[in-house]
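The next block holds one structure in the form of structure tokens; read it before the comments.
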Number of protein chains: 2
Amino acid sequence: MDGRDASVPGGVTIYEVARRAGVSIATVSRALRGTGPVAADTREKVLRAVEELRFTPSRAGVSLAEGRHAANGIVFPNLSGPYFAEVLIGYEEVTSELGRSVVILSTKGREPVRDLVRELAGRVDGLAVFGSTVPGDVVGELVASSLPLVLISHAPRPGAVTLRSENSEAARALAIHLRGHGHRRFVFLGAPYATGDDVDERWQGVRAVLGDAVEPVATAEYTVESGYQAALALLGGAGRPEAVICSDDEVALGVILAAERLGLSVPHDVAVTGWDDIMAARHARPGLTTVRQPMRELGAQAARALDRLIDGAGLERSHRTLGTELVVRDSCGPHPPGGQ
Amino acid sequence: MDGRDASVPGGVTIYEVARRAGVSIATVSRALRGTGPVAADTREKVLRAVEELRFTPSRAGVSLAEGRHAANGIVFPNLSGPYFAEVLIGYEEVTSELGRSVVILSTKGREPVRDLVRELAGRVDGLAVFGSTVPGDVVGELVASSLPLVLISHAPRPGAVTLRSENSEAARALAIHLRGHGHRRFVFLGAPYATGDDVDERWQGVRAVLGDAVEPVATAEYTVESGYQAALALLGGAGRPEAVICSDDEVALGVILAAERLGLSVPHDVAVTGWDDIMAARHARPGLTTVRQPMRELGAQAARALDRLIDGAGLERSHRTLGTELVVRDSCGPHPPGGQ
DNA sequence: TTGTACGCGTTATCAA
DNA sequence: TTGATAACGCGTACAA
């Protein structure tokens with residue numbers, strides 16, 4: 001028993017197993033994969049040799065011969081907040097269940113994104129890409145290529161399978177709820193970066209209801225820190241809005257922190273809402289009113305769609321929208337006890 | 001221009017590029033990799049053909065020829081909390097910078113972990129594995145194999161490179177600080193699962209200072225929810241401890257929630273401390289006293305150590321401990337204004 | 001400066 | 001039931 005591994009460099013090969021078992025490599029392959037007939041005692045010999053040599057087929061050899069990598073990739077901007085991590089959890093779980101490995105790529109602050117994506121594309125059978133993580137032309141290149149592709153949180157796009165959570169209706173419902181609290185002057189904090197992305201849909205939905213009563217204000221990023229900084233300016237000066245509708249929960253948590261810092265009460269002095277329903281939204285004080293988005297399910301469905309695409313099970317529905325749910329807690333305004 | 005990709009199945013091959021450019025595959029390879037001499041105009045022709053055909057070398061072919069995967073793996077239990085995600089961020093960043101892809105594997109709730117790890121091991125040049133994610137015999141198998149291996153948050157182990165944050169001293173410092181607040185009856189919530197893991201070191205350090213004054217209490221998991229449930233029982237009954245020292249921040253946040261639910265004030269009625277200094281620790285109310293652990297750095301150093309191991313730059317220090325820092329906020333007890 | 005040809009580790013076809 | 005052997009796509013001595 002020598003402790004060599006079957007990794008590419010200097011690993012045990014199928015030839016050594018074959019020699020040790022006194023058979024040909026074809027027989028070893030058949031015995032291991034269960035393809036084709038193998039006599040019971042022959043199989044025994046082979047399995048023994050495999051065990052003694054600790055043989056694992058070289059993945060590169062298998063990939064080359066099989067014509068597939070048995071791996072899928074996923075591209076996201078970063079993993080700092082809960083959102084992408086949650087989606088990744090769902091994606092990894094399903095992909096792994098389907099017998100494929102998961103290769104990740106974070107694009108945040110990295111330069112030739114095109115090269116990185118190409119490199120990744122070359123080692124997987126399919127790719128899931130978050131909207132807004134990759135320049136449009138690179139997406140175009142991917143779409144043009146024959147590589148199975150799913151775009152997460154992305155608007156419908158011809159030639160690609162897209163997937164996202166519902167934004168517009170939930171945004172309307174949220175705006176209506178806030179107006180019901182009697183708020184009149186709103187700010188949408190975390191203004192959208194790109195037309196058609198998730199945040200843009202939320203903004204459009206909110207504006208459709210509130211019209212000129214809501215003003216968009218940008219943040220540097222969709223993070224707690226950015227929300228905090230933006231809110232210090234927003235809430236500290238004159239003309240403080242009555243309600244701050246945030247692009248997402250992290251920004252909203254930053255606003256709550258800023259309000260506390262400024263000695264303002266949420267929701268009495270200012271109402272705050274988020275989006276996503278990350279875990280901290282429930283734990284925040286006051287509890288954060290938000291829109292729940294099925295983050296893991298988003299990743300899981302992306303993985304399943306990709307699998308179907310790879311297995312070429314016909315053309316599948318090219319766009320899918322997952323349901324969301326308004327979660328009313330205490331940050332949006334006072335509710336009568338026993339009510340909603 | 002035909003939109004075929006260079007993925008394994010049916011991709012454009014180097015032969016087609018060579019034919020189109022009117023050269024041999026050797027020249028194409030040289031032109032692309034910069035190995036060996038190529039005439040300027042020849043290179044032009046090759047690059048043009050590459051662009052027109054959208055050629056990307058098949059990763060499987062390259063891996064087989066080069067004898068390396070240009071990919072590293074990482075094994076963790078799950079990605080639910082910030083801890084593993086943060087370490088992963090550091091790991092991915094450095095690994096990517098070093099020109100390698102990152103393949104992830106989550107073991108939580110998955111069954112033949114040994115098979116999954118073997119599968120992963122077969123497609124990477126090196127592996128980072130969190131302590132306690134993989135059965136001991138599987139770790140043994142990995143150590144015995146020739147695959148470069150780094151164990152994160154793991155005790156020193158002959159034959160493997162290990163890496164962890166400092167626990168014992170910080171735990172002592174924390175315990176001493178708490179005793180300084182006048183607390184006398186302690187619970188360590190989130191009792192260790194395994195001897196020698198991070199939490200065990202924390203527990204040992206705390207007990208070394210507090211002796212019989214501290215009692216270990218287990219939680220189902222190291223999560224907010226588990227901490228919450230455990231704390232409901234712990235704080236709701238008789239004999240409530242004066243201070244709850246938690247295995248990590250998430251459990252501690254659960255305790256704070258439970259205290260609030262029970263109408264108890266932190267730190268007045270009960271002091272609470274965590275470990276890790278995740279972002280929510282700062283945002284919690286009261287601010288959570290904790291021990292800061294350099295999570296990203298842990299991942300980054302694991303990646304670098306693995307790289308050195310792979311490039312065979314001699315035997316490197318086989319165990320490394322990263323510094324931690326006691327972060328005193330308000331959850332551990334009242335501090336004089338202007339103090340600490 | 002360029003091309004031929006072999007090797008990398010598998011899978012799978014086709015004879016035997 | 002088994003064994004030669006031809007792909008698979010690429011890198012690279014070695015020869016030209």
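Note that the structure is a prediction, hence the values are computed from the model and not measured. Both backbone and side-chain heavy atoms feed into the values below; hydrogens, waters and symmetry mates do not. Per chain, numbering begins at 1; letters A, B, ... match sequence-line order.
For the pair A:S58 and C:dG9, the criterion of a side-chain N or O lying under 4.0 Å from OP1 or OP2 is not met. For B:R33, no side-chain nitrogen or oxygen approaches OP1 or OP2 of D:dC10 to under 4.0 Å. The side chain of B:S29 contributes an N or O atom lying less than 4.0 Å from OP1 or OP2 of D:dG11.
The base of D:dG9 has none of its N or O atoms less than 3.5 Å from a complementary donor or acceptor on the side chain of B:R59.
Distance, B:R123 CZ to C:dT10 C1': 14 Å, rounded to whole Å. Taking atom CG on A:L64 and atom P on C:dG9, their separation rounds to 12 Å, with Å as the unit. Distance, B:L32 CG to D:dG9 P: 16 Å, rounded to whole Å. Going from atom CD1 of B:I25 over to atom P of D:dG11 covers 9 Å, rounded to whole Å. At whole-Å resolution of the value, CD in B:E16 and C1' in D:dG9 are 11 Å apart. Atom CD1 of B:I14 and atom P of C:dA5 are 17 Å apart (whole Å). Taking atom OH of B:Y15 as the reference point, atom P of D:dA7 lies 12 Å away to the nearest angstrom. Rounded to whole Å, the distance from CZ on B:R30 to C1' on C:dT1 is 8 Å.
Out of C:dG3, D:dG3, D:dC10, the shortest distance to the side chain of B:V62 is found at D:dC10. The side chain of A:A26 lies closest to D:dA4, out of D:dA4, D:dC8, D:dT1. Which of D:dG3, D:dG11, C:dT2 sits closest to the side chain of B:E66 comes down to D:dG11. Closest to the side chain of A:S24, out of C:dT1, D:dA4, D:dC10, is D:dA4.
The one candidate from B:I152, B:L151, B:T321, B:V150 that meets the side-chain contact (heavy atoms from CB on, under 4.5 Å) condition with B:T162 is B:L151. Applying side chain to side chain donor-acceptor pair (under 3.5 Å) to B:R123 and the options A:S101, A:S58, A:S63 leaves one that passes, A:S101.
Side-chain contact check for A:Y91 versus A:L306: some heavy-atom pair is nearer than 4.5 Å. At least one side-chain heavy atom of B:D125 sits under 4.5 Å from a side-chain heavy atom of B:R100.
Classification of B:E97 and B:R304 as a salt-bridged pair fails, no side-chain N sitting under 4.0 Å from a carboxylate O.
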